[in-house]
4 protein chains.
Amino acid sequence: MTQRRSGPIRSETARRSILTATGALIATRGYEHLTIEGVALEAGVGKQTIYRWWSSKSALVAESLLEGVIFNEQFTLANTGDLHADLVAWLDSVLAFLSEPSGIDLLRSLIAAAADDEEVGRRLRETLGGGSLGSPGGTSSIEMRLKAGIEASELMADAPVTEITEALMGAVIIRALSRQPVEPETATRLVRTVLRSNQSQ
Amino acid sequence: MTQRRSGPIRSETARRSILTATGALIATRGYEHLTIEGVALEAGVGKQTIYRWWSSKSALVAESLLEGVIFNEQFTLANTGDLHADLVAWLDSVLAFLSEPSGIDLLRSLIAAAADDEEVGRRLRETLGGGSLGSPGGTSSIEMRLKAGIEASELMADAPVTEITEALMGAVIIRALSRQPVEPETATRLVRTVLRSNQSQ
Amino acid sequence: MTQRRSGPIRSETARRSILTATGALIATRGYEHLTIEGVALEAGVGKQTIYRWWSSKSALVAESLLEGVIFNEQFTLANTGDLHADLVAWLDSVLAFLSEPSGIDLLRSLIAAAADDEEVGRRLRETLGGGSLGSPGGTSSIEMRLKAGIEASELMADAPVTEITEALMGAVIIRALSRQPVEPETATRLVRTVLRSNQSQ
Amino acid sequence: MTQRRSGPIRSETARRSILTATGALIATRGYEHLTIEGVALEAGVGKQTIYRWWSSKSALVAESLLEGVIFNEQFTLANTGDLHADLVAWLDSVLAFLSEPSGIDLLRSLIAAAADDEEVGRRLRETLGGGSLGSPGGTSSIEMRLKAGIEASELMADAPVTEITEALMGAVIIRALSRQPVEPETATRLVRTVLRSNQSQ
DNA sequence: TTTTAACCGAGACGGTACGTCTTGTCTTATA
DNA sequence: TATAAGACAAGACGTACCGTCTCGGTTAAAA
């Protein structure tokens, strides 16, 4: 028979309130002003309870992203049968989010967190990429939509799915870092650029 | 007659040693461990001398980037008359730099600095983009090479120069943030993806 | 009929190992570094078992003193019929104990505990004062020896027993607190000082 | 010529307010509840300013004693020409101080501090012993009065000054630790006990 | 013989304070 | 008046313990 440890188990209440507080503070103050003490205070929790379960501030942010307490609006990537339109729609919703100051600040906070911690980097890619939470193994919805496009012969069989995904997401990141204004046609031009060369005729 | 101020002028020696110390410390310890006190100590300078001339840590990093004390190797973007080959060559050199741990750490440090400060974001794009230092107005060498390609009819006249540039650079940033291994064909596939749709026939 | 409780009784094993661990940790680390968690770990016991039976760290120390797990050597105060010689012998053994660093550290730890808790103060006086453990009502062996001296006409009937006791013990405490070196004649001079004025002729 | 360091000098304002805050907090909360953070807050000072100049809480208490911010009432030891009366007067004032709860708590706090730190131990002896502040080399006023008594033939030339001093002070410490009530005649009996044997006839 | 209550070990919890590190400002003496 | 040096108030860091409160498991008296 298996030997089980005794003593109290991890408090789910504490865990949730820590993640919620983390998300709220990132949204209001930014990652650069996020402090463990601030999270503990906001969550009504001892600091040690945070240090007991998370190894760093970045790990906290990574799990908050995963739990969906940071992005409450989803960047959904639909499959209407028209790959080009689906990608433009997704990109438009992301760029619209970035056109608000609060949106761009949030994304920059997350980029800073991702620069700190590779786990945050992976989570960010999933979440931003239309992630249905818990998509397997770091595969974003963009990649899955592209593969579906190949199945449906919207895209050539040897289309470089990974590179297309990274080109699209990377463009978004670059916009966030350089804070340049976005023109209305940006989404269309970008999708056309990365897609047309790989489309089936 | 002009009013002239008295007293000593700004010490160029101090300025150089501060920028050099900043570059050295970023390269060895990373942006996240960079402190003003550490820079002052390394440079043999008083803290006030730094605060007098730079408004923030990010401004220090931005100027260090501009002075070339951070990237000592340049990512040169040549014009051999073959746009595709030129871009692949540039991308290969960047990805080779990222394949070393010290390279990826340096780039992540700079992304963190760029997330803090938009001036760093612009400088980073210029420097990474094959920047001959001091290229005018945030225009990277990639963009200039693409425009030259249009002139030489390598590229269609209405090719979306900005979007192509951002797709390429963004892909590099995404690689740095997610730290995924790079396959040999990545550069070729990426350049083909963003270029073929816009090439003149 | 009396209402009796159910369930297991107090574990003597746990009690002994807690007191022993307390004594060992005071001797090795000092009272100022004594922690309940440390005692629990050393004793192989849960913290709650300590808190269930002792109200404070000082209470733990007081009981350890009483159980004799702290002073293993006794400062015995004999009655040879010569009061002066008996007191000098006792004082010499105490001062010899204090001449070792470990001895002075132990006594200082106990003084700190006594300053925290009056129960420890009383126990310390009994134990230090040649205490046969469990001497009744805070009466030290010194006081008992002095009273025996009055019975035997070694001392005047109205000799201030309490004051003589406190003068002798207090001098020891003062030595421990100020850590001054002890000269060979100190014990003799001190006993003569407090005794001669009260001796029968 | 001598090379002198540059930079600001130590702030006397900060030093005074730290010592004053230390004294106030010991008097109101006791040494066991004295915290560096509390002192910093009360003094309106950064913690680092305390750690810069004092190595420990005990060192802070030692200097506060020396500066006279802890005992505001002095236990003066006069020289009226009658040694016995002078010592009784001093002892009465000390015991009167101890008869108030606040007085006994203060002395116990200081004993705890003295157990921590030998410098506090020495300072306490001087201050308690009728110390005119800054008496040289750990010599209390009691010792000086006794020596004056020898000069004036109130006391035998070979009277053990140190032992008499320690017996008197030690008795006071013992009273503080055991918190026993003091009878009116205690001071007289104690002084008679330690003095009569050494008086000139 | 079952129930029940108190014991035990382990350890998570909300807290407080620790001693260190860094920030950005201010002060001093020098050049 | 710019500089190197560095003291200052402020405040976050990550650690150590506090005393309380679950947990499962065990044990002995009561029902």
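In what follows, chains are A, B, ... by sequence order, proteins preceding strands, each numbered from 1. As the structure is a prediction and not an experimental result, all values here were calculated from the model. Note that these values count all heavy atoms, side chains included, but never hydrogens, waters or copies made by symmetry.
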Hey, can you pull the donor-acceptor pairs under 3.5 Å for the side chains in residues 32-41 of chain B, sequence neighbours left out?
{"from": "B:His33", "atom 1": "ND1", "to": "B:Arg29", "atom 2": "O", "distance (Å)": "3.0"}
{"from": "B:Thr35", "atom 1": "OG1", "to": "B:Gly38", "atom 2": "N", "distance (Å)": "2.8"}
{"from": "B:Glu37", "atom 1": "OE2", "to": "B:Lys47", "atom 2": "NZ", "distance (Å)": "3.0"}

Could you work out which one of E:dC13, F:dA9, E:dC7 sits closest to the side chain of A:Arg52? E:dC13
Using whole Å, report how far CZ of D:Arg10 lies from P of F:dC8. 7 Å
Between C:Gly7 and D:Gly7, the residue closer to the 5' end of DNA chain F by nearest nucleotide is D:Gly7
The test is side chain to side chain contact (heavy atoms under 4.5 Å, CB included); show your working for A:Asp117 and A:Val61 and say whether it passes. CA-CA 9 Å; A:Asp117 185 282; A:Val61 175; over 6 Å; no
Send over the distance from B:Ile50 CD1 to E:dT25 C1', rounded to a whole Å. 14 Å
Indicate yes or no: does D:Glu63 engage D:Arg15 in a salt bridge with an N to O separation below 4.0 Å. yes
Can you tell me how far CG of A:Leu124 sits from CD of A:Glu119, rounded to the nearest 0.5 angstrom? 11.5 Å
Rounded to the nearest Å, what distance is computed from the CD atom of residue B:Glu12 to the P atom of nucleotide F:dT3? 11 Å
Starting at CH2 of D:Trp54 and ending at P of E:dT20, how long is that distance when rounded to a whole Å? 16 Å
Is any side-chain heavy atom of A:Arg179 closer than 4.5 Å to one of B:Arg122? no
Could you give the side-chain donor-acceptor pairs of residues 18-26 of chain B under 3.5 Å, partners two or more places apart or in another chain?
{"from": "B:Thr20", "atom 1": "OG1", "to": "B:Arg16", "atom 2": "O", "distance (Å)": "2.8"}
{"from": "B:Thr22", "atom 1": "OG1", "to": "B:Ile18", "atom 2": "O", "distance (Å)": "2.8"}

When every nucleotide of nucleotides 12-19 of chain F is labelled 5' to 3' by its protein contacts under 4.0 Å (heavy atoms), B for base, S for sugar-phosphate only, - for none, what sequence of letters results? BBBBBBBB
Rounded to whole Å, the CG-P distance (B:Leu41 to E:dC21) equals 13 Å
Whole Å only: how far is the CZ atom of B:Arg15 from the C1' atom of F:dT3? 17 Å
If I take atom CD1 from residue D:Ile70 and atom OH from residue D:Tyr31, how far apart are they, to the nearest 0.5 angstrom? 10.5 Å
Atom-pair distance (CD on D:Glu32; C1' on E:dC18), nearest Å: 18 Å
Which comes earlier along DNA chain E counting from the 5' end, the contact point of A:Gly44 or that of C:Trp53, where each point is its nearest nucleotide? C:Trp53
Under 4.0 Å between a side-chain N/O of D:Thr49 and OP1 or OP2 of F:dA9, yes or no? yes
From the list E:dA29, E:dT4, E:dG9, which nucleotide is the closest neighbour of the side chain of D:Ser6? E:dA29
By nearest heavy atom, map D:Ala14 and A:Pro8 onto DNA chain F; which one lands nearer the 5' end? D:Ala14
Please tell me which of C:Gly46 and A:Ala43 maps to the more 5' nucleotide of DNA chain E, matching each residue to the nucleotide holding its nearest heavy atom. C:Gly46
